[in-house]
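Note sheet for the following structure.
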Protein chains: 2
Amino acid sequence: MSVAIENFVKAIYKNDKNDGNDTKPGNIAKKLGISNAAATDMAKSLANKNLINYEKYKALELTEEGEKLALKVIRKHRLWEAFLHKTFDMSLHEIHKEAELLEHETSDFLANKISAYLGNPKFDPHGDPIPNENGEITTKDTSITLSKTKEGNAYIISRLMSDDKEFFDFCAIHGLKYGNTIIVEKQFVKNKMTQITINNNTILLNEDFTKIIYVNEKK
Amino acid sequence: MSVAIENFVKAIYKNDKNDGNDTKPGNIAKKLGISNAAATDMAKSLANKNLINYEKYKALELTEEGEKLALKVIRKHRLWEAFLHKTFDMSLHEIHKEAELLEHETSDFLANKISAYLGNPKFDPHGDPIPNENGEITTKDTSITLSKTKEGNAYIISRLMSDDKEFFDFCAIHGLKYGNTIIVEKQFVKNKMTQITINNNTILLNEDFTKIIYVNEKK
DNA sequence: ATTAAAGTTTAAGTATCCTTAAATTTTGTT
DNA sequence: AACAAAATTTAAGGATACTTAAACTTTAAT
């Protein structure tokens, strides 16, 4: 499917499920920066391709097929964001722009490679859920804070929930980064500290940090 | 610039500098899988954009600007190939297909990130040189095709110039890989075949293959 | 030098994705 | 319920990147 079509079904999906706007052509047009007439044209064309249901003057509805396509594009977008963020240390703003382009030129095969490389994360660095290969989406974040992890297990960092520069400097020094793997060595329950291994280094983290580092169990 | 335009200038560049074909519209058309008429149309359009010099019935010539664009696209292609190969352990055939798509949707910024991540390599996994940020290819390519090698000499494979999966499967089976050493046993001039030894195995290669395997003499 | 083959260009036309302007339908207000 | 405002659709048209078929130019062989 063309870039225009992929962006169109994505816009419908997001208006419907995320942004709470209605999905009449005018709203989609505004989101995509095209004229209303162009949106109507495209709606007819997508109806012919069985990607949406279209009735004149009504809101646009994705068919099952259309929703699948939208979820594929969203999956690729969020995987790229996660990957670029982890691999190249790019800011959340930068990764969005790049992902917006790359999402349309990424094979399912490559998307799966990226996903596996990252440990099949369920959420991107913004905290948005990443649909799996079958278009299934986890709406609830099942990641847990480091403080709740179990000794001996391996985890992948899914979120660093802080605005604090000192914290991020600390993370940068020790390789604590979205997508990276850590092993939880010991939970010091009474002192609320956690000892982890990352890149063959052992770090002891206190409560301040174990409560803002979110992880998923590595499988 | 559009994908079509980027692919067009890339095809001219490669025909001219790599493949030794002339750059008349017909040859470009064949390479891109479009009609001769489409190639002529595009040639006129690119002349208007000052990317090529165009005279009726003559070979197409890239302007300085056109060559710069071609080199940018080639840079991105080869960086993606190197990156995907290294990061996801994808085969040479797989990385080519993906890079062919990604090269057009990659910002200069991201290309530089990839390059830096890889340690600013000068060659991709096929052995092709990667232009730098300014479009300079610093290393002079002195490699020749297998068809032009001398009997009895040892050579190092420097490039495998193909998009064909069967070819790469063949290469994988026989150890024909960038950097490996072969000995040219015999040139069957009349039949345009070359007999080589690699890993103590003897292989007879026909013209299809001897024209796309590039080597450097081993000293 | 002629001529047939090979290659290139022109002409006419198609699909996609966009535009603006005019016509039509829906919506919201009284 | 009527009417104006807002939104949507239709109509006409443009740019890009292609197609096939016909006309033209170059080339290569005798």
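Reminder, nothing fancy here: chain letters follow the sequence lines and each chain counts from 1. Please read these numbers as outputs of a predicted model, since none were measured by experiment.
Heavy-atom nearest nucleotides on DNA chain C were determined for B/A39 and for A/I34, and the one closer to the 5' end corresponds to B/A39. Nearest-nucleotide mapping onto DNA chain C: of A/K56 and A/G33, the residue sitting toward the 5' end is A/G33.
Atom CG of A/L51 is separated from atom P of C/dC17 by 11 Å (rounded to the nearest Å). One atom, CG of B/N36, and another, P of D/dC18, lie 13 Å apart when rounded to the nearest Å. Computed from coordinates, the A/M42 CE to C/dT19 C1' distance equals 14 Å when rounded to whole Å. Rounded to whole Å, atom P of D/dT8 lies 10 Å from atom CD1 of A/I28. The CG atom of A/D22 sits 15 Å away from the P atom of C/dT26 (whole-angstrom rounding). As rounded to whole Å, 5 Å separates atom P of C/dT25 from atom OH of A/Y57. One atom, CG of A/N27, and another, P of D/dA6, lie 15 Å apart when rounded to the nearest Å. Rounded to an integer number of Å, the gap from CD of B/E55 to P of D/dT25 is 16 Å.
Between C/dT10, C/dG7, D/dT8, one nucleotide has an atom nearer to the side chain of A/P25 than all others, and that is D/dT8. Taking only side-chain atoms of A/A38, from C-beta outward, the nucleotide of C/dC18, D/dC18, C/dT8 with the closest atom is C/dC18. Closest approach to the B/K24 side chain among D/dC18, D/dT27, D/dT9 is made by D/dT27 (side chain taken as heavy atoms from C-beta onward).
For the pair B/K186 and B/F188, the cation-pi test (distance below 6.0 Å, angle within 45°) is passed.
OP1 or OP2 of C/dT9 has at least one side-chain nitrogen or oxygen of B/Y54 nearer than 4.0 Å. Distances shown here put a side-chain N or O of B/S35 below 4.0 Å from the OP1 or OP2 atom of D/dT19.
Residue contacts for A/K44: at a heavy-atom cut-off of 4.0 Å it reaches the sugar-phosphate backbone alone, with no base atom in range. Residue-level contact check: B/A37 touches the bases, meaning some heavy atom is under 4.0 Å from a base atom.
In the region residues 1-15 of chain A, proximity to DNA chain D at under 4.0 angstrom, judged on heavy atoms, holds for none of the residues.
A donor and an acceptor atom, one from each side chain of B/T149 and B/Q187, are located under 3.5 Å apart. A donor-acceptor pair shorter than 3.5 Å cannot be found between the side chains of B/E185 and B/T202.
For residues 40-52 of chain B, the side chain to side chain donor-acceptor pair (under 3.5 Å) pairs, not counting sequence neighbours, are B/N50-B/E65.
Dense packing is recorded around CD of B/E136, with more than 12 heavy atoms of other residues, nucleotides or ligands lying under 6.0 Å away. With a 6.0 Å radius and a threshold of 12 heavy atoms from other residues, nucleotides or ligands, A/E105 has its CD atom above the threshold. Annotation for B/K72: atom NZ does not count as buried by contact number, only 12 or fewer foreign heavy atoms lying within 6.0 Å.
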